[in-house]
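Heads up: the structure comes next, in structure tokens.
Below, read A as the first sequence line, B as the second, and so on, with proteins coming before strands; counting in each chain starts at 1.
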Amino acid sequence: MNILPCSFYNRPTLTVARELLGKRLVRVEDNIRVAGIIVETEAYVGEGDLACHAKAGKTPRTRIMYGEAGKAYVYFNYGLHWMLNAVTEREGFPAAVLILAIRPVEGLEIIASRRGKQPKAKWTDGPAKLAQALSIDKSFNGVDLCTRENDLWIERGESIENKRVIMGPRVGLYSVPEPWKSKPWRFWVK
DNA sequence: AGCACGATTAACT
DNA sequence: GTTAATCGTGCTC
């Protein structure tokens with residue numbers, strides 16, 4: 001079985017964010033695989049991280065992040081967009097890894113049908129773009145990513161050497177105070 | 001019940 | 001570089 005087990009996610013969030021690079025995000029629609037290699041992630045770590053939604057504590061929205069590692073946390077933003085996260089760390093500690101970008105490798109026709117108005121390089125190079133390309137919305141909030149049952153999981157993929165990995169500040173955190181705004185908790189493949 | 005704002009995107013100039 | 005699109009969430013009254 002190539003699917004990453006829940007134990008993969010039940011570790012420090014920064015470690016999971018780094019190791020998700022090169023893994024294969026898989027979505028199954030009508031028995032057709034739509035998938036891509038993860039090339040960019042960000043870590044959101046606990047109530048103390050003022051960039052993390054869990055800064056507001058346990059609410060209906062953040063409830064999933066307090067649950068078991070290996071669940072999907074999907075939320076709606078800017079009144080338009082869905083974002084996919086993987087919940088990390090032990091139950092009770094709210095943390096997750098946001099999947100920011102993938103490189104499409106399977107189901108290219110389906111992706112093109114949803115993203116074809118844009119050039120290929122921009123099909124899945126943002127969190128809301130890949131959610132649209134893989135048809136991920138609120139119905140996936142809270143689903144288990146560690147099984148084949150929910151038509152959404154993450155598999156082993158490519159090995160990414162450290163020298164190909166760049167770390168930098170997370171994006172889009174306009175009103176987040178320092179030092180959280182500048183924490184180098186974004187990881188991407190060169 | 002009302003309000004300000006957001007882990008973005010695409011289409012502008 | 002700037003900006004509209006668009007609504008759920010969490011906070012205040």
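For residues 160-185 of chain A, there are no ring pair (Phe, Tyr, Trp, His ring centres under 6.0 Å) pairs, not counting sequence neighbours.
Under the 4.0 Å criterion applied to side-chain N and carboxylate O atoms, A:D49 and A:R170 are assigned as salt-bridge partners. With salt bridges taken as basic N to acidic carboxylate O contacts below 4.0 Å, one links A:R33 and A:E106. Taking a cutoff of 4.0 Å between a charged side-chain nitrogen and a carboxylate oxygen, A:E178 and A:K183 do not qualify as a salt bridge.
Within the 4.0 angstrom heavy-atom criterion, only backbone atoms of the sugar-phosphate kind lie near A:L173; the bases stay farther away. Within the nucleic acid shown, A:A51 comes within 4.0 Å of at least one base atom, counting heavy atoms only. A:R170 comes within 4.0 angstrom of no nucleic acid atom, judged by non-hydrogen atoms across all strands.
Among the candidates A:I37, A:I111, A:I38, the single residue satisfying the side-chain contact (heavy atoms from CB on, under 4.5 Å) test with A:I102 is A:I38.
Aromatic ring centres of A:H81 and A:F76 lie farther apart than the 6.0 Å criterion allows.
At least one donor-acceptor pair under 3.5 Å links the side chain of A:Y66 to the backbone N or O of A:K58.
Taking 3.5 Å as the limit, the base of C:dA5 and the side chain of A:Y78 contain no donor-acceptor pair of atoms between them.
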With 3.5 Å as the limit, what N/O pairs link the protein to nucleotides 10-12 of chain B?
from	atom 1	to	atom 2	distance (Å)
B:dA10	OP1	A:R115	NH1	2.7
B:dA10	OP1	A:R115	NH2	2.9
B:dA10	OP2	A:K129	NZ	3.3

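With 3.5 Å as the limit, one finds no donor-acceptor pair spanning the side chains of A:Y9 and A:E19. With 3.5 Å as the limit, one finds no donor-acceptor pair spanning the side chains of A:R24 and A:N2.
Of the candidates C:dT6, C:dG10, B:dA7, B:dA7 carries the atom nearest the A:C52 side chain, counting heavy atoms from C-beta on. Counting only heavy atoms from C-beta on, A:N85 has its side chain closest to B:dA7 among C:dG10, B:dA7, C:dT6. Set against B:dT8, B:dA7, C:dC11, the side chain of A:P127 has B:dT8 as its closest nucleotide. The side chain of A:T59 has C:dG10 as its nearest neighbour among B:dA7, C:dG10, C:dA5. You'll find that the side chain of A:N77 is closest to B:dA7, out of C:dG10, B:dA7, C:dA5. Comparing B:dT8, B:dA7, C:dG10 against the side chain of A:H81 picks out B:dT8 as the nearest.
Here the C1' atom of nucleotide B:dT8 and the CD atom of A:E40 are 13 Å apart, to the nearest Å. Across the protein-nucleic acid pair, A:R63 atom CZ and C:dG10 atom P stand 11 Å apart, rounded to whole Å. The interatomic distance linking A:Y174 (OH) with C:dT2 (P) rounds to 11 Å, in whole Å.
Put simply, A:H53 has no side-chain N or O that comes within less than 4.0 Å of OP1 or OP2 on C:dT9. Look at A:S175 and you won't find any side-chain N or O under 4.0 angstrom from OP1 or OP2 of B:dC5.
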Using Watson-Crick or G-U wobble pairs with both distances under 3.5 Å, give me DNA chain B in dot-bracket, 5' to 3', with [ ] for crossers and | for pairs to another strand. ||||||.|||||.
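For A:Y44 and B:dA7, the ring-to-base geometry satisfies the stacking test (centroid distance below 5.5 Å, interplanar angle below 30°).
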